[in-house]
Number of protein chains: 2
Amino acid sequence: MDDIKLFFTENQMQSARFAKALSHPVRLYIIGLLTKQACCYSGDLSEVLPIAKSTLSQHLKELKNAGLIQGEIETPKIRYCLNEENWEKARILFEDLFNK
Amino acid sequence: MDDIKLFFTENQMQSARFAKALSHPVRLYIIGLLTKQACCYSGDLSEVLPIAKSTLSQHLKELKNAGLIQGEIETPKIRYCLNEENWEKARILFEDLFNK
DNA sequence: TTTTCAATTCGCAAATTTACGAACAATTTT
DNA sequence: AAAATTGTTCGTAAATTTGCGAATTGAAAA
């Protein structure tokens with residue numbers, strides 16, 4: 001697994017990280033929502049999604065760690081949005097993959 | 001995890017499966033190669049990639065299970081190609097996700 | 001100051017993923 | 001028939017992922 005990091009290009013590693021972040025239906029749902037409506041609150045998601053709040057929190061954290069979303073504190077809530085810069089990076093990486 | 005399968009759309013579930021198949025650098029490398037060169041043999045990959053043959057076999061199996069590649073026996077080798085039909089499905093799903 | 005609210009972190013369990021070498025098939029070559 | 005070639009499957013170990021409820025944090029309202 002150390003060889004692996006040396007062998008692959010940074011683009012390949014980054015694409016894999018983005019794909020992993022998108023590889024769970026809950027996370028895909030959140031991302032899909034944020035591409036349509038600018039932002040949302042954890043509480044709104046929690047009311048809709050059939051998972052515990054703590055589980056949702058973990059998924060949000062993973063999306064944040066992958067750089068795909070960001071959260072602004074708007075006490076007492078947290079407002080989540082796409083990280084537009086990285087979302088564009090992801091778009092380009094996937095576009096490159098799919099369009100030869 | 002049962003609620004989850006009922007809550008999400010088939011497109012969301014399918015997108016998540018494709019993303020998961022693409023979420024490992026080895027699998028991404030294989031797919032990237034197959035988008036550029038029509039087909040390849042497991043042995044060719046094995047010579048290049050820094051992983052054991054058995055590990056490679058598992059990754060190929062996952063790509064096959066996700067429907068992204070297919071293998072034809074060409075004794076004594078196996079010739080792997082993209083599954084063009086499903087690859088196109090994946091392309092459209094990701095396109096929909098990224099282009100609003 | 002106590003209570004409430006929104007959300008995260010903690011602790012844990014179950015399932016899945018990743019990886020390897022050894023053993024195993026199936027076919028071809030010697 | 002024996003040996004070599006190609007690739008998969010098996011058994012196993014370590015790490016990661018997914019999930020939950022309980023406990024915690026931090027700020028606002030009562």
Rounded to whole Å, the CZ-P distance (B/Arg79 to C/dT27) equals 19 Å
Hits for side chain to side chain contact (heavy atoms under 4.5 Å, CB included) against B/Lys53, two or more places apart or cross-chain, chain-then-number order -> B/Ser46
Across all chains, not counting sequence neighbours, the side chain to side chain donor-acceptor pair (under 3.5 Å) partners of B/Asn86 are none
Within residues 31-50 of chain A, those residues having any heavy atom closer than 4.0 Å to DNA chain C are A/Tyr41, A/Ser42, A/Gly43
Nearest heavy-atom contact between B/Asn83 and B/Gly67 is CB-O, 3.1 Å
What one should report as the nearest heavy-atom pair of A/Trp87 and A/Leu82 is CD1-CD1, 3.7 Å
When rounded to whole Å, the NZ to P distance for the pair B/Lys64 and D/dG7 reads 11 Å
From CG of B/Leu63 across to P of C/dT17 the rounded distance in Å is 13 Å
Please tabulate the protein-to-nucleotide N/O contacts below 3.5 Å involving nucleotides 25-30 of chain D, giving atom names and distances.
none

Taking only distance into account, with no hydrogens and no angle test, what donor-acceptor pairs under 3.5 Å do side-chain atoms of residues 34-45 of chain A form with protein atoms, sequence neighbours excluded?
from: A/Thr35; atom 1: OG1; to: A/Gly32; atom 2: O; distance (Å): 2.6
from: A/Lys36; atom 1: NZ; to: A/Gly32; atom 2: O; distance (Å): 3.2
from: A/Gln37; atom 1: NE2; to: A/Cys39; atom 2: O; distance (Å): 2.9
from: A/Tyr41; atom 1: OH; to: A/Glu74; atom 2: OE1; distance (Å): 2.5
from: A/Tyr41; atom 1: OH; to: A/Arg79; atom 2: NH1; distance (Å): 3.2

Sorted by chain and residue number, the side chain to side chain contact (heavy atoms under 4.5 Å, CB included) partners of A/Ser54 (sequence neighbours excluded) come out as A/Ala52
The reported gap from CD in B/Glu85 to CG in B/Leu68 (rounded to nearest 0.5 angstrom) is 12.0 Å
Contacts under 3.5 angstrom, residues 7-14 of chain A side chains, donor-acceptor by atom type, not counting sequence neighbours:
from: A/Thr9; atom 1: OG1; to: A/Gln12; atom 2: N; distance (Å): 3.0
from: A/Thr9; atom 1: OG1; to: A/Gln12; atom 2: OE1; distance (Å): 3.4
from: A/Glu10; atom 1: OE2; to: A/Arg17; atom 2: NH2; distance (Å): 2.8
from: A/Gln12; atom 1: OE1; to: A/Thr9; atom 2: N; distance (Å): 3.0
from: A/Gln14; atom 1: OE1; to: A/Arg17; atom 2: NH2; distance (Å): 3.3

Ring pair (Phe, Tyr, Trp, His ring centres under 6.0 Å) filter on B/Tyr80, not counting sequence neighbours, yields none
Review item, nucleotides 15-17 of chain D N/O atoms under 3.5 Å of protein N/O:
from: D/dT17; atom 1: OP1; to: A/Lys20; atom 2: NZ; distance (Å): 3.0

In whole angstroms, the gap separating C1' of D/dT5 from CD of B/Glu74 amounts to 15 Å
d(A/Leu60 CG, A/Ile69 CD1) to nearest 0.5 Å is 5.0 Å
Subject >> Flag side-chain contact, heavy atom, 4.5 Å: A/Leu28 against A/Leu22 >> reply: yes
A/Gln58 meets the side chain to side chain donor-acceptor pair (under 3.5 Å) criterion, sequence neighbours left out, with none
Contacts of B/Glu88 meeting side chain to side chain contact (heavy atoms under 4.5 Å, CB included) (sequence neighbours excluded), chain-then-number -> B/Arg91, B/Ile92
Residues of residues 51-61 of chain A with a heavy atom under 4.0 Å from any atom of DNA chain D, listed by number, are A/Ile51, A/Ala52, A/Ser54, A/Thr55, A/Gln58, A/His59
Taken to the nearest whole Å, NZ/B/Lys77 to C1'/C/dA25 is 19 Å
